[in-house]
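Indexing begins at 1, ligand by ligand and atom by atom, following the structure's order.
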Amino acid sequence: RSLLKGLGAAPAAVTLFSIPRYAKAAEITLRYGNNLPLSHPLNIRAKEAADRIAKETNGRVEMLIFPANQLGGDTDMLSQVRNGALTFFTPSALVIATLVPVAAINAVGFAFKDYNQVWAAMDGPVGAFVRKSIADARLHALETMWDNGFRQMTTSGAPIQNAASMKGLKIRVPVSPISISMFSGLGAAPASLQFSEVYTALQTKVVDAQENPLPIIQVAKLYEVQSSCAMTNHIWDGYWFIANGRQWAGMPADIQEIVSRAINEAGLKQREDIKTLNESVQTDLKSKGLSFNQCDTESFRAKLREAGFYTEWKQKFGPEAWGHLESVVGTLA
Ligand code: X2X
């Protein structure tokens with residue numbers, strides 16, 4: 001059902017205007033779906049990668065992009081990339097963890113101090129370990145993870161000041177077991193919703209709060225339905241660029257190389273975009289009416305330790321994955 005919707009008018013518009021014409025029709029069509037508005041750097045850089053792939057293959061390969069949940073929400077797209085209806089999908093680490101549990105390792109609360117640690121881990125031993133596990137699920141993960149960002153908490157109710165503010169808070173989290181665990185540990189009442197449902201859920205007060213990186217709050221206009229934002233940096237989140245295993249393996253080696261180079265290099269640029277955006281996004285969101293407050297994050301960590309969050313997830317991820325993470329960020333539990 002949702003797949004048919006995606007093949008309708010809106011996606012066609014994207015293709016018509018975005019793909020230059022080549023002498024021959026494409027021999028290979030790659031279908032890529034994601035959950036973000038077109039204005040997010042992920043879509044801007046993915047479009048550049050698509051143009052580059054067409055150019056470098058002389059039009060033999062085309063990559064069609066289905067942005068903004070046109071083919072359904074995250075859970076739908078994850079099954080589409082598994083069954084081959086999609087060639088590519090970019091699930092957040094939080095979301096692919098419903099299939100590959102260890103992929104949530106970067107989402108251990110307050111694990112990363114800064115981006116140096118993030119990329120040291122994800123371009124290093126943690127990322128390599130996760131990619132291997134993704135391959136075990138018969139999906140191919142490209143090397144370069146794309147940036148979502150450090151997640152912050154917003155609410156339409158009283159500003160979130162410290163762990164005590166979380167008590168009973170109805171907060172939307174992605175479809176992600178570690179997010180439910182973390183927010184339950186903090187004393188909140190988390191609800192898992194796909195991103196496609198977030199704006200409406202906030203607008204209709206099905207939930208009062210949500211958590212996302214600032215660029216997402218900006219492009220998805222969540223500031224229209226939220227009043228304050230606490231700078232918690234509680235999780236770093238990124239997108240894995242994954243391919244259907246069979247389709248990937250079936251591509252000629254020279255095409256694989258062109259496609260992975262185009263996508264990986266676009267991913268590095270996308271990281272830079274988010275970095276630049278992070279310098280101005282707060283000012284922009286303030287001008288749109290979202291207020292900001294600092295937050296006693298130490299009280300969050302203490303509450304999580306007390307709730308046994310770190311001990312539980314250390315055990316769930318296992319000593320090897322946990323050891324890779326701690327080799328970069330230091331002792332967590
Ligand atoms: O669903 C979200 O909150 C988002 C957009 O950050 C993810 O893709 C996990």
Side-chain angles (χ1 to χ4, degrees), residues 32-46 65-81 86 88-101 103-109 118 122 130 141 145-155 170-183 188 190-203 206-223 225-226 229-230 232-242 267 270-271 273-274 277-278 281 285:
Y32 162 44
N34 67 65
N35 66 356
L36 295 183
L38 270 178
S39 53
H40 190 276
L42 172 135
N43 270 310
I44 295 168
R45 296 300 181 180
I65 305 176
F66 301 86
N69 297 302
Q70 282 175 359
L71 301 185
D74 288 311
T75 310
D76 305 299
M77 288 188 281
L78 190 56
S79 48
Q80 288 160 20
V81 76
L86 279 173
F88 290 117
F89 172 42
T90 38
S92 145
L94 293 167
V95 168
I96 195 177
T98 56
L99 177 66
V100 181
I105 184 115
N106 60 268
V108 170
V118 166
M122 305 321 291
V130 172
M145 212 180 177
W146 294 42
D147 195 9
N148 190 3
F150 279 92
R151 299 180 79 91
Q152 319 295 347
M153 299 182 199
T154 67
T155 176
K170 284 199 275 178
I171 184 167
R172 175 272 172 175
V173 297
V175 181
S176 150
I178 198 172
S179 301
I180 292 285
S181 163
M182 177 171 172
F183 283 90
S192 273
L193 293 174
Q194 306 192 84
F195 189 61
S196 50
E197 300 169 295
V198 171
Y199 186 97
T200 308
L202 292 167
Q203 190 176 38
V206 168
V207 289
D208 297 311
Q210 68 86 44
E211 41 89 51
N212 250 301
L214 299 187
I216 298 275
I217 295 165
Q218 183 183 49
V219 297
K221 301 192 194 311
L222 300 184
Y223 52 81
V225 288
Q226 295 285 270
C229 177
T232 51
N233 292 300
H234 55 282
I235 284 173
W236 175 80
D237 184 24
Y239 290 101
W240 284 108
F241 217 110
I242 59 168
Q270 189 269 356
R271 293 179 184 180
D273 295 339
I274 296 287
L277 202 50
N278 280 337
V281 63
L285 289 172

>> For the 3.5 Å polar cut-off, considering only N or O atoms, please tell me whether Asn148 and ligand 1 meet it.
In response: yes
> Any idea which protein heavy atom is nearest atom 1 (O) of ligand 1, and the distance to it?
Replying inline: Arg172 NH2, 2.9 Å
>> For a side-chain contact (heavy atoms from CB on, under 4.5 Å) check, start with the C-alpha distance between Gln194 and Val95, then their side-chain angles and the critical distance, and finish with the verdict.
In response: CA-CA 9 Å; Gln194 306 192 84; Val95 168; over 6 Å; no
>> Is the contact between Arg151 and ligand 1 made by the side chain, the backbone, both, or neither, using heavy atoms and a 4.0 Å cut-off?
In response: side chain
> Given that the side chain starts at C-beta and the backbone is N, CA, C, O, which of these parts of Glu197 lies under 4.0 Å from ligand 1, counting heavy atoms, or is it both or neither?
Replying inline: neither
> Does the side chain of Asp273 come within less than 4.5 Å of His40's, by heavy atoms?
Replying inline: no
>> Run Phe89 and Asp74 through side-chain contact (heavy atoms from CB on, under 4.5 Å) and show every step you take.
In response: CA-CA 9 Å; Phe89 172 42; Asp74 288 311; 3.6 Å; yes
> What is the nearest protein non-hydrogen atom to atom 9 (C) of ligand 1, stated with its residue, atom name and distance?
Replying inline: Ser92 CB, 3.3 Å
> Regarding Thr90 and Tyr32, is there a side-chain donor-to-acceptor distance under 3.5 Å anywhere?
Replying inline: yes
>> Within the 4.5 Å heavy-atom criterion, are Gln210 and Leu202 side-chain neighbours or not?
In response: yes
>> I need the nearest protein heavy-atom contact for atom 5 (C) of ligand 1: residue, atom name and distance, please.
In response: Tyr239 OH, 3.5 Å
> What atoms of ligand 1 come within less than 4.0 Å of a heavy atom belonging to Asp237?
Replying inline: 9 (C)
> If you measure every N/O of Asn212 against every N/O of ligand 1, is any gap under 3.5 Å?
Replying inline: yes
> Can you tell me which residue and heavy atom of the protein come closest to atom 8 (O) of ligand 1, and the distance to 0.1 Å?
Replying inline: Asn35 ND2, 2.9 Å
> If you look at every heavy atom in Trp240 and Ile96, which pair is closest and at what distance?
Replying inline: CD1-CG2, 4.1 Å
>> Within the 3.5 Å criterion, strictly below it, is a donor on Gln152 or Asn233 matched to an acceptor on the partner's side chain?
In response: yes
